[in-house]
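Side chains are part of it too, since the values below use all heavy atoms of this structure and drop only hydrogens, waters and symmetry mates. Small disclaimer: the values here were computed from a predicted structure and weren't measured.
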Amino acid sequence: MNKVELEPEQAIRLLQAASVGKLIGGLIHNINGPLHTLGMEMDVMGFLLNKSSDPNPDILKDFAKRLSRMGEEFEKLNSMIRQAADRADTYSALPSAYLNINHLLREELEFLKANLYFKHHVETVMDLEKDMKSLSPRTEHLNLGFRWFLQALIEDLESNKISKLSLKTRAGAKHSNLTVRTEGGSLSSTFLASIQYEAGPGPISSTELGSLETLLAVSILKSSGVTVDHQSFSSGSEIRLAFPYE
């Protein structure tokens, strides 16, 4: 097997470029549904217009309802395009000075519904503490590392046909805590072993255990002071992350 070694900054730049590709794929998938709905509504409205030269009140009422529905679909499209633009900025612009776990969880998991297995086969339960305060990352790439961790997690759910994901956030005295729990299946041994990864001072190797994305995500999290541990049960797995406030 050919061995590839990358310095951490090189690996980050490589995954930033790969993430843009995933972003475009997710955007194309997510706008497909609203565009299909808009096309159907326009076809029906065209048929009704051609059928009657003097629309009666019932037809006008139906038009108003369909126009309202089309407006909702247009707003979905606008929202997804804005979100995609924000994420593209995240990959290319200066690192964010703050991280809000609740906000990032909501945003990332909504966009990761581009993964059809996650969208249609995984029951997701979020128990997020209200008014969770933002963190000031110790390292500049913590936001990216957290996003990549979630992306790798969703991919592992699909690989192992896991049917339920629970996410719980709680504010502690010195940390913001996130508990990730699966039911209906355990995360892969490779993914769980990657959580124990401790990056050394040298490059990250492609032959080390786990995907480059997962290893780099865990390395970024830990270098920013985040503690990560896990345990497995007969019915699933649990991962606990503690993000320091300072």
Side-chain angles (χ1 to χ4, degrees), residues 15 19 22 26 87 90 99-135 137 139 141-172 174-199 209-245:
L15 278 185
S19 295
K22 285 186 178 181
R87 284 166 57 96
T90 298
L99 181 149
N100 185 288
I101 294 175
N102 286 357
H103 173 75
L104 196 147
L105 280 173
R106 292 191 188 97
E107 182 183 82
E108 194 69 17
L109 293 182
E110 182 63 29
F111 206 85
L112 285 172
K113 288 180 182 176
N115 179 304
L116 293 180
Y117 181 82
F118 178 61
K119 181 176 181 179
H120 296 294
H121 300 288
V122 178
E123 177 189 357
T124 305
V125 178
M126 292 202 288
D127 178 11
L128 308 183
E129 181 159 308
K130 188 178 179 181
D131 300 325
M132 197 83 155
K133 70 178 184 179
S134 297
L135 309 170
T139 58
H141 295 301
L142 179 57
N143 282 34
L144 278 177
F146 191 28
R147 289 182 186 275
W148 288 338
F149 174 81
L150 293 173
Q151 291 170 12
L153 172 69
I154 298 308
E155 290 173 2
D156 206 69
L157 293 181
E158 180 181 15
S159 298
N160 293 281
K161 305 303 178 188
I162 294 172
S163 58
K164 185 173 181 178
L165 175 68
S166 298
L167 301 157
K168 181 172 72 175
T169 60
R170 291 292 182 269
K174 297 182 179 180
H175 299 83
S176 286
N177 300 298
L178 168 64
T179 302
V180 178
R181 188 180 180 101
T182 69
E183 294 179 31
S186 295
L187 295 164
S188 69
S189 57
T190 301
F191 183 85
L192 294 175
S194 297
I195 293 174
Q196 299 173 333
Y197 175 71
E198 298 290 345
L209 182 64
S211 70
L212 177 62
E213 181 180 51
T214 309
L215 293 175
L216 186 57
V218 172
S219 175
I220 292 172
L221 289 172
K222 291 186 176 180
S223 66
S224 198
V226 180
T227 59
V228 186
D229 63 81
H230 71 86
Q231 62 183 117
S232 294
F233 310 93
S234 58
S235 60
S237 304
E238 183 174 285
I239 302 171
R240 294 174 296 274
L241 300 94
F243 296 76
Y245 290 128

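- Summarising the geometry, atom CG belonging to Asn143 is positioned 10.0 Å from atom CD1 belonging to Ile101; distances are rounded to the nearest 0.5 Å.
- Every residue was checked against the salt bridge (charged side-chain N to carboxylate O under 4.0 Å, His left out) condition with Lys164, not counting sequence neighbours, and none meets it.
- A 4.5 Å side-chain heavy-atom check between Ser134 and Leu99 finds every atom pair outside the cut-off.
- Checked against side-chain contact (heavy atoms from CB on, under 4.5 Å), Asn160 has the following partners two or more places apart in sequence or in another chain: Asp156, Ile162, Ser188.
- Side-chain contact between Gln151 and Glu108: present, with at least one pair of heavy atoms (C-beta onward) separated by less than 4.5 Å.
- In terms of the salt bridge (charged side-chain N to carboxylate O under 4.0 Å, His left out) criterion, residue partners of Glu238 (sequence neighbours excluded) are, by chain and number, Arg181, Arg240.
- Listed by chain and residue number, Asp127 satisfy the salt bridge (charged side-chain N to carboxylate O under 4.0 Å, His left out) test with Arg170 (two or more places apart in sequence, or in another chain).
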Test side chain to side chain contact (heavy atoms under 4.5 Å, CB included) applied to Asn177 and Thr169, step by step
CA-CA 6 Å; Asn177 300 298; Thr169 60; over 6 Å; no
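- Shown here is Lys168, whose NZ atom has no more than 12 heavy atoms of other residues, nucleotides or ligands within 6.0 Å.
- Rounded to the nearest 0.5 angstrom, Phe243 CZ and Asn100 CG are separated by 11.0 Å.
- With sequence neighbours excluded, the residues forming a ring-ring contact (aromatic ring centres under 6.0 Å, His included) with Tyr117 are His121, listed by chain and number.
- One finds the CG atom of Leu153 at 8.5 Å from the OG1 atom of Thr182 (value rounded to the nearest 0.5 Å).
- When atom types are taken as modelled, the side chain of Asn102 and the backbone of Glu129 share a donor-acceptor pair closer than 3.5 angstrom.
- Residues Ala242 and Pro244 come closest through the heavy atom pair O-CD, 3.6 Å.
- Glu183 approaches Ser166 most closely through the heavy-atom pair OE2-OG, 4.4 Å.
- Annotation: side chain of Phe149 is not in contact with side chain of Leu178 (no heavy-atom distance under 4.5 Å).
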Could you go through the side chain to side chain contact (heavy atoms under 4.5 Å, CB included) check for Tyr245 and Lys133 one step at a time?
CA-CA 9 Å; Tyr245 290 128; Lys133 70 178 184 179; 3.4 Å; yes
Run the side chain to side chain contact (heavy atoms under 4.5 Å, CB included) test on Leu187 and His230 for me, step by step, so that the C-alpha distance in whole Å, both residues' side-chain angles and the decisive distance to 0.1 Å come before the verdict.
CA-CA 10 Å; Leu187 295 164; His230 71 86; over 6 Å; no
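- Across Gly145 and Ala217, no two heavy atoms sit closer than the pair O-CB, 3.4 Å.
- Formation of a donor-acceptor pair under 3.5 Å by the Ser224 side chain with backbone atoms of Ile220 is not found in this model.
- The distance from the NZ atom of Lys222 to the OG1 atom of Thr139 is 14.0 Å, given to the nearest 0.5 Å.
- Not counting sequence neighbours, Ser237 has no partner by the side chain to side chain donor-acceptor pair (under 3.5 Å) test.
- For the side chain to side chain contact (heavy atoms under 4.5 Å, CB included) criterion with Ile195, the lone passing option out of Asp229, Ile239, Thr214, Leu241 is Ile239.
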